[in-house]
*Asks:* 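Encoded as C-alpha coordinates, here's the structure I'll be asking about.
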Amino acid sequence: MSELGLIVVWPNYLHCAEDVIGELKDDFEIISSYDIKWNKNILYQNFYRFYGDRLSTKSIKEKASRGSEFKLIVFKDSNPKYAFRTTARGIEKVNVNFFDLKKIFRRKFNTRFGIHGSNHENETGRDLSLLLGTNTEDFKKQNYEKWSGKAHRVKRDITGSRGWDSLEQFFYFINSVEPYLVLRNFSGLDKKLEEIDDIDFLVNNRNKFALFSNAVKMSKGTERANYAILVDKQKLHIDLRYIGDNYFDQFWQQDCMNNKVLHDKGFYIMDEENQYFSLLYHALIHKKIMPEKYKKYFKLSNEELRNKLYKFMHKKGYLMVEPNDITLNFNKENGGDIKFSRPRRLRKKKGFNGFIKKTLYKLNNIIHFRRGPD
(Lines give C-alpha, C1' and ligand atoms only; values in the text may rest on other atoms or scores of the structure.)
Protein backbone atom coordinates (compact mmCIF):
# COMPACT_ATOMS: atom_id res chain seq x y z
CA MET A 1 0.00 0.00 0.00
CA SER A 2 1.44 3.40 -1.00
CA GLU A 3 2.13 6.24 1.46
CA LEU A 4 2.43 10.01 1.20
CA GLY A 5 5.65 11.67 2.30
CA LEU A 6 6.85 15.25 2.16
CA ILE A 7 10.00 17.32 2.09
CA VAL A 8 10.24 20.96 3.17
CA VAL A 9 13.11 23.05 1.84
CA TRP A 10 13.43 25.99 4.23
CA PRO A 11 14.20 29.53 2.93
CA ASN A 12 18.01 29.45 3.25
CA TYR A 13 18.21 26.29 1.12
CA LEU A 14 15.78 27.17 -1.67
CA HIS A 15 18.70 27.08 -4.09
CA CYS A 16 18.75 23.30 -3.49
CA ALA A 17 15.05 22.79 -4.33
CA GLU A 18 15.56 21.77 -7.96
CA ASP A 19 18.13 19.15 -6.93
CA VAL A 20 15.68 17.83 -4.33
CA ILE A 21 12.90 17.56 -6.92
CA GLY A 22 15.27 15.88 -9.39
CA GLU A 23 16.28 13.19 -6.90
CA LEU A 24 12.69 12.66 -5.72
CA LYS A 25 11.60 11.98 -9.31
CA ASP A 26 14.04 9.08 -9.54
CA ASP A 27 12.47 6.96 -6.76
CA PHE A 28 9.05 8.47 -5.99
CA GLU A 29 6.04 10.01 -7.68
CA ILE A 30 5.70 13.72 -6.95
CA ILE A 31 2.07 14.57 -6.19
CA SER A 32 2.23 18.33 -5.69
CA SER A 33 4.53 21.19 -4.74
CA TYR A 34 3.96 24.55 -3.04
CA ASP A 35 5.83 27.81 -2.63
CA ILE A 36 4.62 28.94 0.80
CA LYS A 37 5.23 32.37 2.29
CA TRP A 38 4.92 33.07 6.01
CA ASN A 39 4.41 36.41 7.72
CA LYS A 40 7.88 37.62 8.81
CA ASN A 41 6.39 39.22 11.93
CA ILE A 42 5.40 35.83 13.36
CA LEU A 43 8.19 33.74 11.81
CA TYR A 44 9.43 32.34 15.13
CA GLN A 45 5.90 31.55 16.27
CA ASN A 46 5.29 29.65 13.01
CA PHE A 47 8.42 27.58 13.51
CA TYR A 48 7.59 26.87 17.17
CA ARG A 49 4.10 25.74 16.25
CA PHE A 50 5.24 23.65 13.29
CA TYR A 51 7.72 21.68 15.38
CA GLY A 52 5.69 21.82 18.62
CA ASP A 53 8.76 23.07 20.45
CA ARG A 54 10.72 26.22 21.17
CA LEU A 55 13.59 25.83 18.75
CA SER A 56 17.06 27.24 19.31
CA THR A 57 17.91 30.55 17.64
CA LYS A 58 20.70 28.73 15.76
CA SER A 59 18.20 26.28 14.29
CA ILE A 60 15.83 29.00 13.06
CA LYS A 61 18.64 31.15 11.66
CA GLU A 62 19.96 28.20 9.67
CA LYS A 63 16.46 27.63 8.32
CA ALA A 64 15.30 31.15 7.54
CA SER A 65 17.70 34.08 7.98
CA ARG A 66 17.25 35.03 4.29
CA GLY A 67 13.48 35.16 4.11
CA SER A 68 10.18 33.49 4.97
CA GLU A 69 9.32 31.70 1.70
CA PHE A 70 9.96 27.97 1.44
CA LYS A 71 9.07 24.99 -0.73
CA LEU A 72 6.88 22.03 0.19
CA ILE A 73 7.03 18.90 -1.98
CA VAL A 74 4.54 16.06 -1.45
CA PHE A 75 5.32 12.68 -3.00
CA LYS A 76 4.08 9.08 -3.06
CA ASP A 77 6.07 6.03 -2.01
CA SER A 78 4.66 2.92 -3.70
CA ASN A 79 6.82 0.52 -1.69
CA PRO A 80 7.09 1.72 1.95
CA LYS A 81 9.47 -0.19 4.24
CA TYR A 82 9.38 0.11 8.03
CA ALA A 83 12.14 -0.32 10.61
CA PHE A 84 13.21 1.20 13.94
CA ARG A 85 15.47 4.25 13.89
CA THR A 86 16.77 6.71 16.49
CA THR A 87 15.23 10.15 15.92
CA ALA A 88 15.19 13.47 17.76
CA ARG A 89 12.15 12.11 19.64
CA GLY A 90 13.82 8.82 20.60
CA ILE A 91 13.45 5.38 19.03
CA GLU A 92 10.67 5.33 16.43
CA LYS A 93 9.31 2.96 13.83
CA VAL A 94 9.71 4.89 10.58
CA ASN A 95 9.36 4.47 6.83
CA VAL A 96 13.08 4.03 6.10
CA ASN A 97 12.59 5.29 2.54
CA PHE A 98 11.50 8.66 4.00
CA PHE A 99 13.98 8.67 6.86
CA ASP A 100 17.04 7.79 4.76
CA LEU A 101 16.02 10.28 2.05
CA LYS A 102 16.01 13.13 4.56
CA LYS A 103 19.46 12.12 5.84
CA ILE A 104 20.81 11.98 2.28
CA PHE A 105 19.58 15.51 1.52
CA ARG A 106 20.97 16.93 4.76
CA ARG A 107 24.35 15.33 4.14
CA LYS A 108 24.44 16.42 0.49
CA PHE A 109 23.57 20.04 1.23
CA ASN A 110 25.66 20.15 4.42
CA THR A 111 22.83 21.23 6.73
CA ARG A 112 21.41 19.95 9.96
CA PHE A 113 18.28 22.11 10.02
CA GLY A 114 17.71 23.37 6.46
CA ILE A 115 15.70 20.38 5.18
CA HIS A 116 12.66 18.86 6.88
CA GLY A 117 11.09 15.53 5.97
CA SER A 118 8.31 13.37 7.39
CA ASN A 119 9.28 9.98 8.86
CA HIS A 120 5.97 8.23 8.07
CA GLU A 121 2.53 9.00 6.69
CA ASN A 122 1.11 9.98 10.09
CA GLU A 123 3.73 12.70 10.34
CA THR A 124 2.95 13.71 6.75
CA GLY A 125 -0.68 14.17 7.82
CA ARG A 126 0.39 16.29 10.79
CA ASP A 127 2.60 18.50 8.61
CA LEU A 128 -0.07 18.94 5.92
CA SER A 129 -2.58 20.00 8.60
CA LEU A 130 -0.13 22.55 9.96
CA LEU A 131 1.09 23.90 6.62
CA LEU A 132 -2.04 23.66 4.45
CA GLY A 133 -4.93 23.03 6.86
CA THR A 134 -5.90 19.67 5.34
CA ASN A 135 -5.48 16.09 6.55
CA THR A 136 -3.97 13.28 4.46
CA GLU A 137 -7.30 11.77 3.44
CA ASP A 138 -8.66 15.05 2.08
CA PHE A 139 -5.33 15.94 0.48
CA LYS A 140 -5.43 12.69 -1.54
CA LYS A 141 -8.95 13.50 -2.74
CA GLN A 142 -7.89 16.98 -3.87
CA ASN A 143 -4.70 15.86 -5.65
CA TYR A 144 -5.65 12.96 -7.87
CA GLU A 145 -4.33 14.42 -11.14
CA LYS A 146 -0.73 14.02 -12.34
CA TRP A 147 1.67 16.72 -11.13
CA SER A 148 2.07 19.46 -13.74
CA GLY A 149 5.58 20.41 -12.60
CA LYS A 150 4.40 23.81 -11.39
CA ALA A 151 4.24 24.93 -7.77
CA HIS A 152 1.11 26.37 -6.13
CA ARG A 153 1.84 29.75 -4.56
CA VAL A 154 0.40 30.00 -1.06
CA LYS A 155 0.52 32.85 1.44
CA ARG A 156 -0.56 31.53 4.82
CA ASP A 157 0.82 30.97 8.32
CA ILE A 158 0.56 27.82 10.42
CA THR A 159 -3.10 26.79 10.69
CA GLY A 160 -4.84 28.50 13.61
CA SER A 161 -2.31 31.34 13.86
CA ARG A 162 -5.21 33.81 14.20
CA GLY A 163 -7.46 31.45 16.13
CA TRP A 164 -10.09 29.00 14.93
CA ASP A 165 -13.18 29.65 12.86
CA SER A 166 -15.13 26.99 14.77
CA LEU A 167 -14.74 24.06 17.14
CA GLU A 168 -15.23 21.76 14.14
CA GLN A 169 -12.20 23.31 12.44
CA PHE A 170 -10.14 22.99 15.63
CA PHE A 171 -10.96 19.30 16.11
CA TYR A 172 -10.45 18.53 12.39
CA PHE A 173 -6.96 20.03 12.75
CA ILE A 174 -5.90 18.60 16.10
CA ASN A 175 -7.11 15.09 15.18
CA SER A 176 -4.21 14.86 12.71
CA VAL A 177 -1.65 16.72 14.75
CA GLU A 178 -1.42 15.63 18.41
CA PRO A 179 -2.98 12.84 20.52
CA TYR A 180 -5.71 13.90 22.95
CA LEU A 181 -9.10 12.97 24.30
CA VAL A 182 -11.93 15.02 25.81
CA LEU A 183 -12.26 13.93 29.43
CA ARG A 184 -15.97 14.58 30.08
CA ASN A 185 -19.03 16.77 29.39
CA PHE A 186 -18.54 16.27 25.66
CA SER A 187 -22.29 16.04 25.07
CA GLY A 188 -22.47 19.82 25.49
CA LEU A 189 -19.90 20.66 22.82
CA ASP A 190 -22.61 21.28 20.24
CA LYS A 191 -23.91 24.24 22.27
CA LYS A 192 -23.22 27.85 21.39
CA LEU A 193 -19.65 28.83 22.31
CA GLU A 194 -20.79 31.27 24.99
CA GLU A 195 -22.66 28.41 26.70
CA ILE A 196 -19.56 26.18 27.00
CA ASP A 197 -17.79 26.76 30.33
CA ASP A 198 -14.59 24.95 29.37
CA ILE A 199 -13.28 21.75 27.78
CA ASP A 200 -11.17 19.28 29.76
CA PHE A 201 -8.50 17.47 27.74
CA LEU A 202 -6.11 14.64 28.47
CA VAL A 203 -3.02 14.94 26.24
CA ASN A 204 0.32 13.21 25.77
CA ASN A 205 2.42 16.36 25.87
CA ARG A 206 0.88 19.53 27.25
CA ASN A 207 3.47 21.93 25.80
CA LYS A 208 3.12 20.52 22.29
CA PHE A 209 -0.67 20.47 22.44
CA ALA A 210 -0.70 24.09 23.62
CA LEU A 211 1.65 25.20 20.83
CA PHE A 212 -0.21 23.32 18.09
CA SER A 213 -3.54 24.67 19.39
CA ASN A 214 -2.19 28.20 19.72
CA ALA A 215 -3.38 28.10 23.34
CA VAL A 216 -2.48 30.78 25.87
CA LYS A 217 -1.77 29.90 29.50
CA MET A 218 -4.26 31.59 31.80
CA SER A 219 -2.85 30.77 35.23
CA LYS A 220 0.46 30.98 37.07
CA GLY A 221 2.37 27.90 38.16
CA THR A 222 3.84 25.22 35.93
CA GLU A 223 1.37 22.56 37.09
CA ARG A 224 -1.78 24.63 36.64
CA ALA A 225 -3.85 23.38 33.74
CA ASN A 226 -5.80 26.50 32.65
CA TYR A 227 -5.38 27.65 29.04
CA ALA A 228 -7.55 29.40 26.45
CA ILE A 229 -7.91 29.23 22.67
CA LEU A 230 -9.64 31.69 20.35
CA VAL A 231 -12.67 30.23 18.56
CA ASP A 232 -14.79 32.44 16.31
CA LYS A 233 -13.09 35.45 17.97
CA GLN A 234 -14.25 34.26 21.40
CA LYS A 235 -12.02 33.06 24.21
CA LEU A 236 -12.71 29.42 25.07
CA HIS A 237 -11.17 28.07 28.27
CA ILE A 238 -9.55 24.62 28.18
CA ASP A 239 -7.89 22.51 30.88
CA LEU A 240 -4.89 20.49 29.72
CA ARG A 241 -4.21 17.41 31.85
CA TYR A 242 -1.34 15.28 30.63
CA ILE A 243 -0.05 11.74 31.07
CA GLY A 244 2.18 11.76 34.15
CA ASP A 245 0.63 14.76 35.94
CA ASN A 246 -1.13 12.46 38.45
CA TYR A 247 -4.56 13.79 37.59
CA PHE A 248 -5.17 10.09 38.03
CA ASP A 249 -2.86 7.09 37.86
CA GLN A 250 -0.35 7.41 34.99
CA PHE A 251 -0.94 3.85 33.74
CA TRP A 252 -4.68 4.48 33.75
CA GLN A 253 -4.15 7.69 31.78
CA GLN A 254 -2.12 5.78 29.19
CA ASP A 255 -4.76 3.05 28.95
CA CYS A 256 -7.41 5.71 28.35
CA MET A 257 -5.34 7.22 25.55
CA ASN A 258 -4.61 3.82 24.00
CA ASN A 259 -8.31 2.90 23.96
CA LYS A 260 -9.80 6.24 22.91
CA VAL A 261 -12.62 6.27 20.36
CA LEU A 262 -13.79 8.83 17.82
CA HIS A 263 -17.11 10.44 18.78
CA ASP A 264 -19.77 10.90 16.10
CA LYS A 265 -19.19 14.65 16.30
CA GLY A 266 -15.54 14.36 15.29
CA PHE A 267 -13.45 14.41 18.49
CA TYR A 268 -11.81 11.70 20.60
CA ILE A 269 -13.22 10.47 23.93
CA MET A 270 -12.61 7.52 26.27
CA ASP A 271 -14.11 4.10 25.69
CA GLU A 272 -17.24 3.41 27.74
CA GLU A 273 -15.58 1.64 30.70
CA ASN A 274 -12.84 4.22 31.23
CA GLN A 275 -15.33 7.04 30.74
CA TYR A 276 -17.54 5.72 33.55
CA PHE A 277 -14.78 5.03 36.08
CA SER A 278 -12.69 8.15 35.37
CA LEU A 279 -15.81 10.25 35.92
CA LEU A 280 -16.50 8.32 39.14
CA TYR A 281 -12.89 8.94 40.27
CA HIS A 282 -13.27 12.64 39.46
CA ALA A 283 -16.52 12.87 41.44
CA LEU A 284 -15.23 10.97 44.51
CA ILE A 285 -11.58 12.11 44.64
CA HIS A 286 -11.38 15.57 43.06
CA LYS A 287 -14.56 16.93 44.64
CA LYS A 288 -14.95 17.72 48.34
CA ILE A 289 -18.62 16.80 48.07
CA MET A 290 -20.11 14.98 45.11
CA PRO A 291 -22.13 17.46 42.99
CA GLU A 292 -25.82 16.74 42.49
CA LYS A 293 -25.40 16.18 38.74
CA TYR A 294 -23.07 13.24 39.46
CA LYS A 295 -25.38 11.81 42.13
CA LYS A 296 -28.19 11.75 39.58
CA TYR A 297 -25.92 10.11 37.02
CA PHE A 298 -24.49 7.33 39.23
CA LYS A 299 -27.69 6.65 41.26
CA LEU A 300 -25.87 4.75 44.05
CA SER A 301 -24.82 5.58 47.61
CA ASN A 302 -21.32 6.92 48.27
CA GLU A 303 -20.28 3.65 49.91
CA GLU A 304 -21.49 1.61 46.94
CA LEU A 305 -19.70 3.92 44.53
CA ARG A 306 -16.45 3.79 46.53
CA ASN A 307 -16.52 -0.02 46.54
CA LYS A 308 -17.22 -0.06 42.82
CA LEU A 309 -14.28 2.27 42.11
CA TYR A 310 -11.92 0.38 44.46
CA LYS A 311 -12.79 -2.94 42.84
CA PHE A 312 -12.11 -1.55 39.35
CA MET A 313 -8.80 0.07 40.35
CA HIS A 314 -7.61 -3.04 42.22
CA LYS A 315 -8.38 -5.25 39.23
CA LYS A 316 -6.43 -2.92 36.91
CA GLY A 317 -3.58 -2.26 39.33
CA TYR A 318 -4.23 1.50 39.45
CA LEU A 319 -3.24 3.62 42.46
CA MET A 320 -4.66 6.66 44.23
CA VAL A 321 -2.25 9.52 43.47
CA GLU A 322 -1.83 13.11 44.58
CA PRO A 323 -2.29 15.49 41.61
CA ASN A 324 0.79 17.56 40.73
CA ASP A 325 -1.58 20.52 40.49
CA ILE A 326 -1.83 21.41 44.17
CA THR A 327 -4.91 23.57 43.57
CA LEU A 328 -6.82 20.41 42.63
CA ASN A 329 -8.61 18.78 45.55
CA PHE A 330 -7.83 15.27 46.82
CA ASN A 331 -10.62 13.87 48.99
CA LYS A 332 -8.92 11.73 51.66
CA GLU A 333 -12.25 10.38 52.87
CA ASN A 334 -12.65 8.55 49.57
CA GLY A 335 -9.03 8.33 48.38
CA GLY A 336 -7.32 7.26 51.57
CA ASP A 337 -4.70 8.86 53.78
CA ILE A 338 -1.91 9.11 51.20
CA LYS A 339 1.15 11.24 52.00
CA PHE A 340 0.86 14.70 50.46
CA SER A 341 3.76 16.71 49.03
CA ARG A 342 5.18 19.58 51.06
CA PRO A 343 3.66 22.34 48.84
CA ARG A 344 0.18 20.85 49.29
CA ARG A 345 0.63 20.53 53.06
CA LEU A 346 1.86 24.12 53.30
CA ARG A 347 -1.04 25.36 51.19
CA LYS A 348 -3.45 24.15 53.85
CA LYS A 349 -1.69 25.97 56.70
CA LYS A 350 -3.46 29.11 57.90
CA GLY A 351 -2.59 32.11 60.05
CA PHE A 352 0.80 33.73 60.79
CA ASN A 353 2.73 30.45 61.18
CA GLY A 354 1.37 29.27 57.86
CA PHE A 355 2.46 32.52 56.19
CA ILE A 356 6.02 32.23 57.58
CA LYS A 357 6.40 28.59 56.50
CA LYS A 358 5.11 29.30 52.99
CA THR A 359 7.46 32.29 52.66
CA LEU A 360 10.50 30.30 53.81
CA TYR A 361 9.59 27.48 51.42
CA LYS A 362 9.34 29.90 48.47
CA LEU A 363 12.67 31.58 49.39
CA ASN A 364 14.35 28.19 49.65
CA ASN A 365 13.08 27.27 46.16
CA ILE A 366 14.28 30.59 44.69
CA ILE A 367 17.78 30.14 46.17
CA HIS A 368 18.07 26.57 44.85
CA PHE A 369 16.72 27.65 41.43
CA ARG A 370 19.31 30.42 41.11
CA ARG A 371 22.20 28.23 42.23
CA GLY A 372 21.22 25.38 39.96
CA PRO A 373 22.63 21.87 40.27
CA ASP A 374 26.17 21.32 41.56
Side-chain angles (χ1 to χ4, degrees), residues 93 120-122 125-126 129 135-137 167-168 170-191 196-206 208-210 212-213 225 227 236 238-287 290-291 293-300 302 304-321 323-325 328 330-331 334-335:
K93 194 172 185 180
H120 41 68
E121 192 170 68
N122 283 346
R126 185 204 72 174
S129 292
N135 62 26
T136 311
E137 183 180 346
L167 265 182
E168 289 78 12
F170 171 73
F171 283 122
Y172 173 86
F173 166 84
I174 205 67
N175 285 352
S176 298
V177 172
E178 184 69 8
Y180 77 93
L181 57 82
V182 178
L183 280 166
R184 55 185 166 269
N185 300 333
F186 46 81
S187 59
L189 292 186
D190 57 355
K191 295 178 181 177
I196 300 174
D197 292 331
D198 62 9
I199 305 176
D200 297 298
F201 290 95
L202 176 66
V203 302
N204 273 356
N205 185 308
R206 183 173 64 183
K208 281 190 174 185
F209 189 94
F212 289 141
S213 305
Y227 290 75
L236 177 64
I238 61 175
D239 280 356
L240 300 183
R241 307 296 178 180
Y242 62 93
I243 294 174
D245 69 351
N246 282 350
Y247 188 66
F248 49 92
D249 185 281
Q250 178 177 343
F251 296 102
W252 190 359
Q253 290 177 321
Q254 189 63 64
D255 286 342
C256 290
M257 194 68 79
N258 291 342
N259 294 294
K260 66 183 180 181
V261 295
L262 186 64
H263 192 277
D264 292 341
K265 293 176 183 174
F267 47 81
Y268 286 98
I269 61 173
M270 296 182 195
D271 63 284
E272 193 172 332
E273 181 182 53
N274 281 311
Q275 185 67 62
Y276 179 88
F277 283 104
S278 66
L279 186 60
L280 181 55
Y281 185 97
H282 176 65
L284 288 175
I285 307 302
H286 295 155
K287 302 295 182 183
M290 184 181 289
K293 63 179 180 180
Y294 292 138
K295 288 181 181 178
K296 291 177 182 177
Y297 174 74
F298 291 117
K299 299 175 182 177
L300 293 172
N302 259 28
E304 289 173 310
L305 290 173
R306 276 198 301 267
N307 289 334
K308 199 170 184 179
L309 177 64
Y310 296 164
K311 185 177 179 180
F312 168 79
M313 292 182 68
H314 177 73
K315 178 184 175 183
K316 298 286 188 177
Y318 301 146
L319 302 177
M320 295 287 180
V321 288
N324 293 352
D325 181 354
L328 188 65
F330 183 94
N331 189 325
N334 295 324

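Residue indices begin at 1 and follow the sequence shown.
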*Asks:* So does Arg184 get a backbone contact from the side chain of Asp200, meaning a donor-acceptor N/O pair under 3.5 Å?
*Replies:*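 No; judged by distance alone, with no hydrogens or angles, the pair does not exist.
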
*Asks:* Verify whether one side chain among Gln253 and Asp245 offers a donor that lies under 3.5 Å from an acceptor in the other.
*Replies:*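 Side-chain D/A pair, Gln253 to Asp245: present.
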
*Asks:* Output yes when a side-chain donor or acceptor of Asn334 lies under 3.5 Å from a complementary backbone atom of Leu284, and no otherwise.
*Replies:*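 Yes, because the side chain of Asn334 sits within donor-acceptor range (under 3.5 Å) of the backbone of Leu284.
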
*Asks:* Could you walk me through whether Asp325 and Arg241 pass the side-chain contact (heavy atoms from CB on, under 4.5 Å) test, one step at a time?
*Replies:* CA-CA 10 Å; Asp325 181 354; Arg241 307 296 178 180; 3.2 Å; yes

*Asks:* For a quick test of reading the model, state the closest non-hydrogen atom pair linking Met270 to Leu183 and the distance between them.
*Replies:*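 Heavy atoms only, the tightest pair is CE-CD2, 3.3 Å.
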
*Asks:* Could you tell me if the ring centre of Phe173 sits under 6.0 Å from that of Phe212?
*Replies:*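 Between Phe173 and Phe212, the centre distance exceeds or equals 6.0 Å.
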
*Asks:* For the atom pair CD1 (Ile269) and OG (Ser187), what is the distance rounded to the nearest 0.5 Å?
*Replies:*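 Taking CD1 in Ile269 and OG in Ser187, the distance rounds to 10.0 Å.
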
*Asks:* Could you check whether the rings of His282 and Tyr247 sit parallel, tilted or perpendicular, using 30° and 60° as the cut-offs?
*Replies:*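 Taking Tyr247 first and then His282, their aromatic rings sit tilted (interplane angle of 30° to 60°).
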
*Asks:* I want to check something: taking the side chain as every heavy atom from C-beta on, are Lys295 and Leu300 in contact at a cut-off of under 4.5 Å?
*Replies:*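 Heavy-atom side-chain distance check fails, nothing below 4.5 Å.
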
*Asks:* Could you tell me whether the side chain of Asn185 reaches within less than 4.5 Å of the side chain of Asp197, counting heavy atoms only?
*Replies:*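 No; the side chains remain at least 4.5 Å from each other.
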
*Asks:* Quick check: do Ser213 and Glu178 have side-chain heavy atoms less than 4.5 Å from each other?
*Replies:*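 Heavy-atom side-chain distance check fails, nothing below 4.5 Å.
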
*Asks:* Among side-chain atoms of Asp249 and Tyr281, is any donor-acceptor pair under 3.5 angstrom?
*Replies:*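 Looking only at side-chain atoms, Tyr281 and Asp249 do not form any donor-acceptor pair under 3.5 Å.
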
*Asks:* Find the distance between CG (Asp255) and CD1 (Ile243) and round it off to the nearest 0.5 Å.
*Replies:*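 Going from CG on Asp255 over to CD1 on Ile243, the span is 9.5 Å.
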
*Asks:* Using the ring pair (Phe, Tyr, Trp, His ring centres under 6.0 Å) definition, which of the options Trp252, Phe248, Phe251, Phe277 pairs with Tyr318?
*Replies:*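 The residue from Trp252, Phe248, Phe251, Phe277 that satisfies ring pair (Phe, Tyr, Trp, His ring centres under 6.0 Å) with Tyr318 turns out to be Trp252.
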
*Asks:* side-chain hydrogen bond (donor to acceptor under 3.5 Å, both in side chains) between Tyr242 and Lys208: does it pass, once the steps are laid out?
*Replies:* CA-CA 11 Å; Tyr242 62 93; Lys208 281 190 174 185; over 6 Å; no

*Asks:* So, do Phe330 and His286 have ring centers that fall under 6.0 Å from each other?
*Replies:*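 Between Phe330 and His286, the centre distance exceeds or equals 6.0 Å.
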
*Asks:* Would you indicate whether Tyr310, at its atom OH, is surrounded by more than 12 heavy atoms from other residues, nucleotides or ligands within a distance under 6.0 Å?
*Replies:*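 Yes, OH of Tyr310 has more than 12 neighbouring heavy atoms, counting only those of other groups under 6.0 Å.
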
*Asks:* Within a strict 4.5 Å, meaning less than it, do heavy atoms of the Tyr227 and Asp239 side chains meet?
*Replies:*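 No - every pair of side-chain heavy atoms lies 4.5 Å or more apart.
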
*Asks:* Let me confirm one number: the CG-CE distance from Leu202 to Met257, rounded to the nearest 0.5 Å.
*Replies:*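 Going from the CG atom of Leu202 to the CE atom of Met257 covers 4.0 Å.
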
*Asks:* To the nearest 0.5 Å, how far apart are CG in Leu189 and CD1 in Ile196?
*Replies:*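 Rounded to the nearest 0.5 Å, the CG-CD1 separation comes to 5.5 Å.
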
*Asks:* Out of curiosity, Phe201 CZ to Ile174 CD1, how far, rounded to the nearest 0.5 Å?
*Replies:*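 The distance works out to 8.0 Å.
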
*Asks:* Would you say the side-chain atoms of Asn204 and Tyr180 include a donor-acceptor pair closer than 3.5 Å?
*Replies:*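 No, no side-chain donor-acceptor pair sits under 3.5 Å.
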
*Asks:* Quick check: do Asp198 and Leu236 have side-chain heavy atoms less than 4.5 Å from each other?
*Replies:*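 With C-beta onward as the side chain, the pair stays apart.
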
*Asks:* Mark yes when over 12 heavy atoms from residues, nucleotides or ligands other than Lys265 sit less than 6.0 Å from its NZ; otherwise mark no.
*Replies:*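 Atom NZ in Lys265 is crowded, with more than 12 foreign heavy atoms closer than 6.0 Å.
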
*Asks:* As an exercise, state the distance from CZ of Phe171 to CD of Glu168, rounded to the nearest 0.5 Å.
*Replies:*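 It is 9.0 Å, given to the nearest 0.5 Å.
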
*Asks:* Kindly assign one of parallel, tilted or perpendicular to the pair Phe209 and Phe170, based on the angle between their ring planes and the thresholds 30° and 60°.
*Replies:*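 Answer is perpendicular, since the angle exceeds 60°.
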
*Asks:* Side-chain contact test, heavy atoms from C-beta onward, threshold under 4.5 Å: evaluate it for Phe186 versus Ile199 and give yes or no.
*Replies:*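 Contact flag for Phe186/Ile199 side chains = no.
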
*Asks:* Please evaluate residues Glu273 and Lys316 with respect to the criterion salt bridge (charged side-chain N to carboxylate O under 4.0 Å, His left out), reporting the C-alpha separation (whole Å), side-chain torsions for both, the decisive distance (0.1 Å), and the verdict.
*Replies:* CA-CA 12 Å; Glu273 181 182 53; Lys316 298 286 188 177; 3.7 Å; yes

*Asks:* Check for a donor-acceptor pair, side chain of Ser278 on one end and backbone N or O of Gln275 on the other, with a separation under 3.5 Å.
*Replies:*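 The answer is yes, because a donor-acceptor pair under 3.5 Å joins these two groups.
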
*Asks:* Shortest non-hydrogen contact from Asn135 to Ser176?
*Replies:*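 Heavy atoms only, the tightest pair is CB-OG, 3.3 Å.
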
*Asks:* Taking C-beta and beyond as the side chain, do Leu262 and Asn175 meet within less than 4.5 Å on heavy atoms?
*Replies:*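 Yes, their side chains come closer than 4.5 Å.
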
*Asks:* Could you tell me whether the side chain of Met290 reaches within less than 4.5 Å of the side chain of Leu305, counting heavy atoms only?
*Replies:*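 Heavy-atom side-chain distance check passes, below 4.5 Å.
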
*Asks:* Can a side-chain donor-acceptor contact be found between Asn258 and Gln254 if the only test is distance below 3.5 angstrom?
*Replies:*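 Looking only at side-chain atoms, Asn258 and Gln254 do form a donor-acceptor pair, the distance falling under 3.5 Å.
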
